[in-house]
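Okay, so here's the structure we're looking at.
Naming: A, B, ... by sequence-line order, numbering from 1 per chain.
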Protein chains: 2
Amino acid sequence: MRIPIQVSEENREPIYHQVETQIKALIVGGKLPPGTPLPSIRALASDLGCSVITTRRTYQNLQADGFIQTIQGKGTFVREMESTRMEKTKQKVVYEAFEKAIQQGKQVGFSKEDMKAIFSTIIKKNFTNGG
Amino acid sequence: MRIPIQVSEENREPIYHQVETQIKALIVGGKLPPGTPLPSIRALASDLGCSVITTRRTYQNLQADGFIQTIQGKGTFVREMESTRMEKTKQKVVYEAFEKAIQQGKQVGFSKEDMKAIFSTIIKKNFTNGG
DNA sequence: TATACTGTATATATAAATATATACACATAA
DNA sequence: TTATGTGTATATATTTATATATACAGTATA
C-alpha cells in the first residue's frame with residue numbers, strides 16, 4: 001500500500017515527526033480505516049529516502065500513541081478502534097489547540113469578546129469558498 | 001528593578017525560554033511599559049540561579065524579536081513602541097494560535113459548527129468566576 | 001583616574017535530539 | 001527447508017540545544 005506522505009528537508013521538523021503527524025491525520029481523518037496495512041518500514045524508508053531506523057521510530061511512536069499496531073514478521077496496521085474512541089481523540093486534539101489559543105489570549109489581556117472576534121474572522125476566512 | 005519571574009527546574013522547557021516567554025507576556029500585557037529598565041543580566045542570573053550567558057541569551061532573543069533594547073554599559077530596556085504596534089503584536093500572537101487550532105480542526109474534518117461548539121465550551125470554562 | 005556598574009565575545013562542556021549501520025528474530029509461502 | 005518478506009535490538013555517529021567560565025569593552029560616577 002502506498003500512502004500520500006511528503007517530507008521536506010527544509011522543514012526544521014524532524015522526518016520522523018513529519019511522518020508521524022501526517023499518518024495520524026490520515027487515520028483520525030478516516031482516510032486510513034482500522035485494519036489498513038501501512039507500508040513496511042523498509043518500503044517507507046526507501047520511499048522517503050531515510051533509514052529504516054527512522055521509519056521504525058515513527059511507527060513505534062504511533063503505536064505508543066495507540067494509532068497503529070505492529071506485529072513482528074507480519075507488518076503494521078491501523079489499529080482497531082471504536083468510533084467513539086476515534087471521535088474522542090479528534091475532540092481532544094482540537095480541544096487542546098483551542099485551549100492553548102485561549103490561554104494565549106488571556107495572558108495578553110484579551111476579553112472573551114476580543115477572542116470571539118478573532119475566532120469568527122478566521123473561521124470565515126477558512127470556510128469561505130469550500131466549507 | 002525586580003520583575004516577577006519564576007523558572008522551574010522540573011519544566012522540560014529551557015530556562016532561557018521560560019524567561020523569554022514571561023518577559024514577553026509582561027511587556028505585551030502592559031506590565032512593563034516602554035522604557036522600563038530590566039534587571040541587568042548579572043542581577044537576573046543571580047536571581048534565577050543560572051549563568052550570565054543564559055540571561056544574556058534571553059535578552060538577545062528578546063531584542064531580536066523587537067521587544068527590548070540593550071545598550072552596552074547602560075543596560076537593557078523595554079523598547080519604545082507605539083501602542084498600535086504593540087496591539088498588532090498581541091493580535092498576531094493570538095491570531096496565529098487560533099489559526100493553528102482551526103487548521104487542526106479542518107484537518108480532522110470538523111465543521112465550523114463543531115469548532116464553534118468547542119470554542120464556546122472553552123471560553124465558558126475560562127471566563128466563569130473571574131472573567 | 002579608580003571603581004563598580006553595564007553589556008560583549010570567545011572558547012568550551014554537556015546533554016538531548018536525530019539519524020544511522022548492521023546483525024538478529026519472526027512469518028509466510030515457494 | 002529456503003527465500004524473502006516483515007519487525008527488533010544493539011551500538012554508534014552526528015548535530016543541535018542548552019548551559020557554562022572567563023576575559024574583554026563600554027558607561028557612569030566618586
Query raised in the report: Given C:dT6, is OP1 or OP2 found less than 4.0 Å from the side-chain N or O atoms of B:Ser40?
Result: yes
Query raised in the report: Has the side chain of A:Arg42 got a donor or acceptor atom sitting under 3.5 Å from an opposite partner on the base of D:dG5?
Result: no
Report task. Could you tell me whether the phosphate oxygens of C:dA21, OP1 or OP2, come under 4.0 Å of any side-chain nitrogen or oxygen in A:Ser51? Result -> no
Query raised in the report: Is the distance from OP1 or OP2 of D:dT6 to the nearest side-chain N or O of A:Thr70 less than 4.0 Å?
Result: no
Query raised in the report: How long is the line joining CD of B:Gln72 and C1' of D:dG26, in whole Å?
Result: 4 Å
Query raised in the report: Just to confirm, is there a sub-4.0 Å distance from OP1 or OP2 of D:dG7 to any side-chain nitrogen or oxygen of A:Thr76?
Result: yes
Query raised in the report: Given D:dA17, is OP1 or OP2 found less than 4.0 Å from the side-chain N or O atoms of B:Arg12?
Result: no
Query raised in the report: Nearest-Å distance, CD1 (A:Ile41) to C1' (D:dA9)?
Result: 12 Å
Query raised in the report: Just how far, in rounded Å, is P of C:dT6 from CG of B:Leu44?
Result: 12 Å
Report task. Please report, rounded to the nearest Å, how far the C1' atom of C:dG7 is from the CG atom of B:Leu62. Result -> 15 Å
Report task. Report the distance from atom CG of B:Asn11 to atom P of C:dA16, rounded to the nearest whole Å. Result -> 15 Å
Query raised in the report: For A:Glu20 and C:dT18, what is the distance between atoms CD and P respectively, to the nearest whole Å?
Result: 10 Å
**Report entry** Between C:dT20 (P) and A:Ile53 (CD1): distance, integer Å
**Finding:** 7 Å
Requested in this report: Specify whether B:Phe98 and A:Phe119 have parallel, tilted or perpendicular ring planes, treating 30° as the upper limit for parallel and 60° as the lower limit for perpendicular.
Outcome: perpendicular
Query raised in the report: Between atom CZ in A:Arg57 and atom P in D:dG7, what is the gap in whole Å?
Result: 18 Å
Query raised in the report: Between B:Lys31 and B:Ile3, is a side-chain contact (heavy atoms from CB on, under 4.5 Å) present by the stated rule, with each step listed?
Result: CA-CA 10 Å; B:Lys31 309 282 184 187; B:Ile3 58 178; over 6 Å; no
Query - Short side-chain donor-acceptor distance under 3.5 Å, B:Thr70 and B:Gln63 - result: yes
Query - Distance below 4.0 Å between B:Lys74 side-chain N/O and C:dG7 OP1 or OP2 - result: no
Query raised in the report: 5'-most contact on DNA chain C: A:Ile71 or A:Tyr16, nearest heavy atom basis?
Result: A:Tyr16
Requested in this report: Please determine, by modelled atom types, if B:Asp114 and A:Gln91 share a side-chain donor-acceptor pair under 3.5 angstrom.
Outcome: no
Query raised in the report: Are B:Lys125 and A:Glu99 within salt-bridge range, i.e. N to O under 4.0 Å?
Result: yes
